[in-house]
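The analysis underlying the following values was restricted to heavy atoms, covering all of them including side chains, and did not include hydrogens, waters or symmetry mates. Bear in mind that the values here come from a model prediction, so they are computed numbers and not experimental data.
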Amino acid sequence: MELKRFPSIYVLLVFLFLGFIYYVTVFVFIEDWLGLPSFAGSLNALIFTFLASLCAFSFCICAFTDPGGVPSSYVPDVEEYQISDQETKKTGVHRMQCDKCSIHRPPRAHHCRVCRRCVLKMDHHCIWINNCVGHRNYKPFLVLIIYATVASTYSATMIISCVLQKDWNSSQSLPLKIFYVGCGLMIAGLSLTLGTFLCWHIYLTAHNMTTVEYYEGKRAAWLARKSGLSYHHPYDVGFRKNVTLVLGPNMLKWLWPTSSSHIKDGLDFLSTRDNS
């Protein structure tokens with residue numbers, strides 16, 4: 001795992017926001033609703049602390065892990081770049097050459113304008129982790145989204161339950177009411193946003209594609225239809241195989257971000273042509 005600096009203000013904002021959510025959830029809402037000394041309060045605080053810790057750990061793994069660059073010694077195999085009926089009319093040589101950094105790049109690699117290099121199996125550049133999401137850190141990124149969605153949903157449940165069951169009498173100040181309701185709406189909105197993002201990446205994982213490949217696939221499908229052909233994503237080898245290629249063959253290790261022994265070099269990938 002390659003360490004890198006954290007020059008981005010967005011990373012600091014993530015940790016500040018995580019700290020804020022943790023503080024208000026545990027020391028404001030759980031304390032006010034259940035009381036931390038009680039068994040229910042201590043149990044809920046412990047569960048949320050565990051979820052928040054997993055979020056922070058997964059975030060660090062995702063941010064600190066190099067997504068994978070193209071080795072300087074990489075030499076493409078021309079036979080693997082033959083044009084199939086499902087591909088566009090670009091030549092194999094053009095697909096192997098990066099116009100930006102003038103190097104040969106393997107299948108599924110793309111150039112990141114922010115990192116200024118080609119990234120293996122690039123999904124996107126994420127400003128919140130100050131890193132590209134690619135071949136070597138896509139699994140911890142997906143696990144991070146899962147934990148963040150569960151943690152934010154748990155926090156929203158605690159906050160909304162506290163707001164609904166609180167005895168709001170005339171002695172309660174208006175700013176306090178605004179703070180309680182505002183926190184509930186904010187965390188609920190965060191949960192919905194993360195949940196939507198999680199569904200999107202579950203879809204991508206189920207089809208073994210990246211965000212870049214999804215939009216490339218839409219264009220390829222459109223070109224195929226114009227030619228009277230059909231398009232199928234070449235790396236979609238079936239739901240079960242697709243999932244294990246990302247998360248690993250051992251289900252017990254699916255939700256552990258550092259379990260990546262199944263990740264290969266990222267220079268070639270299993271495709272539908274290999275299964276045919």
Roughly how far apart are H262 NE2 and L247 CG, rounded to 0.5 Å? 6.5 Å

For S8 and Y10, indicate whether the former's side chain and the latter's backbone hold a donor-acceptor pair under 3.5 Å. yes

Hydrophobic cluster identity match, Y138 and W254, side-chain contacts under 4.5 Å: yes

Whether the side chain of N130 engages the backbone of I127 through a donor-acceptor N/O pair (distance < 3.5 Å, no angle test) should be reported. no

Check whether the side chains of N242 and Y235 place a donor and an acceptor atom closer than 3.5 Å, and report yes or no. no

Would a line drawn from the ring center of Y147 to the ring center of F57 be shorter than 6.0 Å? no

Aromatic ring pairing H124/F197, orientation class (parallel under 30°, perpendicular over 60°, tilted between): perpendicular

Establish, for the pair R108 and F269, whether the NZ or CZ atom is under 6.0 angstrom from the six-membered ring centre and no further than 45 degrees off its axis. yes

Should N250 and T244 be marked as a side chain to side chain contact (heavy atoms under 4.5 Å, CB included) after you check the CA-CA gap, both sets of side-chain angles, and the distance that decides it? CA-CA 8 Å; N250 190 343; T244 56; over 6 Å; no

Do F179 and L164 land in one hydrophobic cluster if side-chain heavy atoms of ILVMFWY residues count as linked below 4.5 Å? no

Using distance alone, with no hydrogens and no angle criterion, decide if T49 and Y22 have a side-chain donor and acceptor under 3.5 Å apart. yes

So do the side chains of F17 and L190 get within less than 4.5 Å of each other, counting heavy atoms only? yes

S259 side chain to W256 main-chain N or O, any donor-acceptor pair under 3.5 Å? no

Within-4.5 Å side-chain heavy-atom neighbours: Y180 and I159: no

Hey, is the main chain of T210 close enough, under 3.5 Å, to the side chain of E213 for a donor-acceptor pair? yes

Give a yes or no on whether L176 and V26 share a hydrophobic cluster (residues Ile, Leu, Val, Met, Phe, Trp, Tyr; joining criterion: side-chain heavy atoms under 4.5 Å apart). yes

Would you sort out whether N208 and K241 count as a side chain to side chain contact (heavy atoms under 4.5 Å, CB included), showing the intermediate values? CA-CA 9 Å; N208 194 17; K241 188 65 177 178; over 6 Å; no

Polar side-chain atom of H110 near backbone of V119 as donor-acceptor pair, under 3.5 Å: no

Could you check whether the rings of W200 and Y215 sit parallel, tilted or perpendicular, using 30° and 60° as the cut-offs? tilted

I'd like to know if the side chain of S152 and the backbone of T149 have a donor-acceptor N/O pair within less than 3.5 Å. yes

Looking only at atom types and distance, does a side-chain atom of S38 sit under 3.5 Å from a main-chain N or O of G41, one as donor and one as acceptor? yes

Quick one, R136 and P67 - any side-chain contact, counting heavy atoms below 4.5 Å? no

Between I160 and A188 the two heavy atoms that sit nearest each other are CD1-CB, 4.4 Å

Any salt bridge (Lys or Arg N to Asp or Glu O under 4.0 Å) pairs touching residues 110-124, not counting sequence neighbours? D66-R117

Quick one: does T272's side chain have a donor or acceptor within less than 3.5 Å of a partner on P234's backbone? yes

same_hphob_cluster(F27, M186) at 4.5 Å side-chain heavy-atom cutoff: yes

N137 (side chain) donor-acceptor with C62 (main chain) under 3.5 angstrom: yes

Is there a donor-acceptor pair closer than 3.5 Å between any side-chain N or O of T25 and the backbone N or O of S155? no

With ring centroids as reference points, do H207 and F239 lie under 6.0 angstrom apart? no

